[in-house]
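Heads up: the structure comes next, in structure tokens.
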Number of protein chains: 2
Amino acid sequence: MNPRREHRLVFLLNVAQRRLQRWIAAQTHGSGVTAAQSGLLFVLGQRDGVLIGEAGAALDLGPAGISGLVDRMAAANLIRRRADPDDGRAWRLWLTPAGRAALAQAKAGLAEVNARLTDGFTEVEIDVVARWLASLQSKFPKGEDE
Amino acid sequence: MNPRREHRLVFLLNVAQRRLQRWIAAQTHGSGVTAAQSGLLFVLGQRDGVLIGEAGAALDLGPAGISGLVDRMAAANLIRRRADPDDGRAWRLWLTPAGRAALAQAKAGLAEVNARLTDGFTEVEIDVVARWLASLQSKFPKGEDE
DNA sequence: CATAGATATTTCGCATGCGAAATAAATTCG
DNA sequence: CGAATTTATTTCGCATGCGAAATATCTATG
């Protein structure tokens with residue numbers, strides 16, 4: 001009920017995300033792979049050869065967002081774009097050897113981040129947090145729905 | 001302990017923040033004030049005439065980040081930069097009448113966001129969430145500290 | 001007082017991601 | 001079949017925010 005605390009929630013979410021991004025960027029500085037790029041590596045690690053649009057959906061990115069990410073990662077030789085044989089509009093994404101190596105590194109880095117994220121909180125509390133974060137996706141939908 | 005769930009935590013945080021930003025951007029589309037800019041408006045609403053660096057600290061932004069934000073908002077006539085009379089290096093920020101009006105609107109918008117953010121969760125659960133979000137600031141510090 | 005260091009801010013280049021519009025290929029419908 | 005529509009992706013301009021380096025001013029120290 002306290003408006004001060006509620007105001008803080010918006011702010012805390014913003015800062016928390018930025019702090020995490022900044023920290024990951026500092027950790028991986030020089031590895032040539034950013035946090036956002038790791039996301040796509042993880043997607044391809046599970047579903048290599050996915051459509052660009054599907055990868056974007058998996059990362060909750062719009063067409064423009066995923067397109068740029070793919071561009072930069074293809075330029076960095078982490079992934080490769082290949083035309084879909086059955087659909088002239090579509091392109092599928094494949095990990096390069098360098099991408100596979102970067103994914104392995106990213107997985108290791110994730111372990112450290114995971115440990116910190118849950119440190120000091122019980123499993124029940126982490127469940128509450130995860131449920132709250134997930135609830136924002138329906139509370140603040142992409143489409144219209146005001 | 002489930003690595004799948006922990007992996008989701010990083011992802012959920014990222015997506016949640018982006019969803020919220022995107023939703024606010026859509027809501028305020030045309031108002032000329034973005035979410036980040038609202039943040040600075042709130043700071044000035046409480047401490048008009050603050051130093052640029054102090055405002056940046058309040059928003060957890062580095063020098064470059066706050067400088068750009070100030071630039072855009074000054075160009076949009078929401079705030080005004082005035083030299084500090086006692087320190088030739090420093091500049092203080094002041095709300096313009098337009099900025100004050102935008103702040104009032106932002107406050108109203110915040111009420112809607114607050115309602116959604118806490119909807120479906122008990123006060124105890126929201127406290128857990130707030131504590132978790134705040135904990136990231138010490139877990140992922142700005143400075144060095146590995 | 002002069003000079004070395006600290007402090008406030010800006011500038012640059014970059015990655016991220018959005019909305020809107022463009023392009024191109026596939027699909028549907030008359 | 002051919003036109004209209006849908007779908008996949010790119011492109012453009014923009015806001016955000018970072019790290020690193022540059023500028024300008026202030027403060028201490030000798």
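Convention: sequence-line order gives letters A, B, ...; per-chain numbering from 1. The figures here come from the full heavy-atom set of this structure, side chains too, leaving out hydrogens, waters and symmetry mates.
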| task | With the side chain counted from C-beta on, respond yes when B/Trp23 and B/Val113 share a heavy-atom pair under 4.5 Å apart, and no when they do not. | result | yes
| Between B/Met73 (CE) and C/dT9 (C1'), how many Å, whole number? | 17 Å
Would you give me the side-chain donor-acceptor pairs under 3.5 Å for residues 65-73 of chain B, sequence neighbours excluded?
| residue | atom | partner | partner atom | Å |
| --- | --- | --- | --- | --- |
| B/Asp71 | OD1 | B/Arg81 | NH1 | 3.2 |
| B/Asp71 | OD1 | B/Arg81 | NH2 | 2.9 |

| What is the distance, rounded to the nearest whole Å, between atom CG of B/Asp84 and atom P of D/dT25? | 13 Å
| query | Taking it one step at a time, do A/Trp132 and B/Leu133 satisfy side-chain contact (heavy atoms from CB on, under 4.5 Å)? | reply | CA-CA 11 Å; A/Trp132 182 77; B/Leu133 288 172; 4.0 Å; yes
Enumerate donor-acceptor pairs with a distance under 3.5 Å from any side-chain N or O in residues 90-98 of chain B to protein atoms, sequence neighbours excluded.
| residue | atom | partner | partner atom | Å |
| --- | --- | --- | --- | --- |
| B/Arg92 | NE | B/Asp84 | OD2 | 2.6 |
| B/Arg92 | NH1 | B/Gly49 | O | 2.9 |
| B/Arg92 | NH2 | B/Asp84 | OD2 | 3.0 |
| B/Thr96 | OG1 | B/Asn77 | O | 2.6 |
| B/Thr96 | OG1 | B/Leu78 | O | 3.0 |
| B/Thr96 | OG1 | B/Ala98 | N | 3.4 |
| B/Thr96 | OG1 | B/Gly99 | N | 2.9 |

| query | Shortest non-hydrogen contact from B/Phe121 to A/Ser135? | reply | CE1-OG, 3.5 Å
| said: Applying salt bridge (Lys or Arg N to Asp or Glu O under 4.0 Å) as the test, list every pair that has at least one member in residues 35-47 of chain A; sequence neighbours left out. | reply: none
| query | Going by the salt bridge (Lys or Arg N to Asp or Glu O under 4.0 Å) test, which pairs reach into residues 19-40 of chain B, not counting sequence neighbours? | reply | A/Asp60-B/Arg19, A/Asp60-B/Arg22
| task | Decide if atom CZ of B/Arg131 counts as having more than 12 heavy atoms of other residues, nucleotides or ligands within a radius under 6.0 Å. | result | yes
| task | Would you mind building the protein contact string for nucleotides 8-17 of chain D? One character per nucleotide, 5' to 3', B for base within reach (heavy atoms under 4.0 Å), S for sugar-phosphate only, - for untouched. | result | SBBB---SBS
| said: Let me check the geometry of the helix from C/dC1-D/dG30 to C/dG30-D/dC1. What is the bend angle between the axes at its two ends, five pairs each, to 10°? | reply: 0°
